[in-house]
Amino acid sequence: MDDSPNDSAARQAWVGPARPGERVRLLMVINKAERELEVLNNVARELRAIARDSRVLILEYRDQNFFAKALQFEPSAVLIFPLTSRGLSLPLYALKLALDCRIITLQAEGIVNYRDDSCYRYYAGMDSYGPDLIDLQMMWSQTLAHKIGGLLLESGRIASLRRVIGVGYPKIEAYLGGRELEQTPSPATADFLERASGRPREGVLFFATGFSLGEYSVEDLINAKDIFDGEGINQVQRDDAQRAVTASRNFRDRFVAILDDLAPRHPEVMFVIKSHPVENILYKRKKYNPYHALLRHLNVAYYDDTMSIKTVLLHSGIIFHFGSSLVSESYLAKTPSVFVESSEFFPKDRMSHNPNFNMHDMGWPSSAVCDLEELAGLVDEHCRRPLKFFLNEVMAQRLEDGFDVLPEHLRGEKAYRPLRRIAEAIIRGHRSPALACRPQDAALVADLKKQYFPAIMAYLALAIERSSQTNRPDKAQDYLKKVKQLRGIFSRGS
């Protein structure tokens, strides 16, 4: 199966230089704007730099008119986040059936985890779909492509490992000679620069939080459809989830209390807090934010919107994190990092079997590790004797495994260009036909028929009429063939 003629031809489509005049109509689909929008905007810039006539439309997946807008745009390719949650594939099947477009996924979260191999099952996702849906899956590294691709192949969601490639990690490109994601400073970045101006780097402490789990209920986690296998969970799983939710909330509240004590004790220090994108969504939805209690201190700066992490790191003496991919950026920015753990809330001898419910460093080395109850003492010590950055051979290997960062990239001998690699892969994919989608599962066909068949047929009727009016009988015939083909498929969903 891996060496079939069709897959060999498909593999060739993803290699080699882009050709002048090639164009794409690319629909970009976002899930969490703060996390993804900057990357997608920069992929679009790279795409247009290579193929000027390409057109791009960005839509939110939850847009109530998503499918209608997508059909109207008539994309030749769809770039979307990985299908980690059950049910995400349904509208993509509908688009592929209607438009014969390519479906391409781009990794949005999840790094190589050296502590728990079970995480890759969640990276591969809980959605169920056939091997003819996704034309290409792009991961942040060859290592991740191999690990996740193997699971996708084993579960029948791809027919060949050649359909999964490593492209690099766009968010670290700017550290290694590539494009800056933030072309002009965002309001949050500009505010930070103004407040940090004139301060020594050691006097700026950066805290990158990660407590979104604490804002969910167990029912929320079940309904997310990307945490558990199947539609329901047993009591053991429910209790495990509730423990993790409570522990995360208590961890965050204790962290806020410690900073509330530290800030007035060190008025000479600027405490910068950047909450996680998922936390931001949840706090805005609930109309409250636990970090706002810290804003009574004039030396606390809190940000819950898009900003340049690189800018903050380059002006900070330390980044404190709770298990984050930002530790890789801190290394490239030469900013000391501290992993903050909690023996009280997440003890190492009571790890959950579900990797989504653990808080650890995933095997990515920081400059130092401290327990939450040691945080105040570490800050006091840093104010007397600043923590120093040091090169780390283990981190260099982690960057290669996790993001395809090679030694020559770190030495400045070669530019690191994942954004360009993503754009080129999208363009080159148009040299071969999109995978032909022929859903066989009766339940899938029934769902498609119920939710999308009328909209698809209405679109094709308008397309036939438009082709006839513009004297394009060849196009009209193509659309008529598509109608006949779809009627044959959907007749099985009666």
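Keep in mind that the numbers below use all heavy atoms, side chains included, and drop hydrogens, waters and symmetry copies. Sequential numbering from 1 along the given sequence is applied to the chain's residues.
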Ion pair check, [X] and [Y], cut-off under 4.0 Å:
| X | Y | value |
| --- | --- | --- |
| E180 | R45 | no |
| R417 | E46 | yes |
| D100 | K482 | yes |

**Item:** Sole candidate of N41, T189, N42 that passes side-chain hydrogen bond (donor to acceptor under 3.5 Å, both in side chains) when paired with E182
**Value:**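 So, applying the side-chain hydrogen bond (donor to acceptor under 3.5 Å, both in side chains) to E182 and each of N41, T189, N42, only T189 qualifies.
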Is there side-chain contact between [X] and [Y], with heavy atoms separated by less than 4.5 Å?
| X | Y | answer |
| --- | --- | --- |
| W364 | M395 | yes |
| H360 | N113 | yes |
| E219 | R238 | yes |
| I233 | L221 | no |

**Asked** Should the heavy atoms of other residues, nucleotides or ligands under 6.0 Å from NZ of K284 be counted, would the total exceed 12?
**Response** yes
**Request:** May I ask you to check whether over 12 heavy atoms, not counting those of E154, lie within 6.0 Å of atom CD?
**Result:** no
**Prompt:** If you round to the nearest 0.5 Å, how far is CG of L419 from OH of Y416?
**Reply:**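 Y416 atom OH to L419 atom CG measures 9.5 Å (nearest 0.5 Å).
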Using a distance-only test with no angle check, is there a side-chain donor-acceptor pair under 3.5 angstrom linking [X] and [Y]?
| X | Y | answer |
| --- | --- | --- |
| Y93 | D447 | no |
| E74 | Y459 | yes |
| S118 | D116 | yes |

**Asked** Quick check: does any side chain N or O of K171 sit under 3.5 Å from a backbone N or O of L181, one acting as donor and the other as acceptor?
**Response**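 No.
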**Side-chain donor or acceptor of R102 paired with backbone N/O of A77 under 3.5 Å** =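 No.
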**Message:** Can you confirm if the NZ or CZ of R25 lies within 45° of the ring axis of F73 and under 6.0 Å from the centre of its six-membered ring?
**Reply:**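 Judged by the rule, R25 and F73 form a cation-pi pair.
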**Proximity of F322 and F251 rings by center, below 6.0 Å** =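 Yes, the ring of F322 comes within the 6.0 Å limit of the ring of F251, centre to centre.
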**Message:** Quick check: closest heavy atoms across G166 and Q142, and the distance to 0.1 Å?
**Reply:**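 Reported closest heavy-atom pair: O-NE2, 3.6 Å.
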**Prompt:** What's the verdict on salt bridge (charged side-chain N to carboxylate O under 4.0 Å, His left out) for K348 and E341, showing C-alpha distance, side-chain angles and the deciding distance?
**Reply:** CA-CA 10 Å; K348 293 178 181 178; E341 59 187 0; 3.5 Å; yes
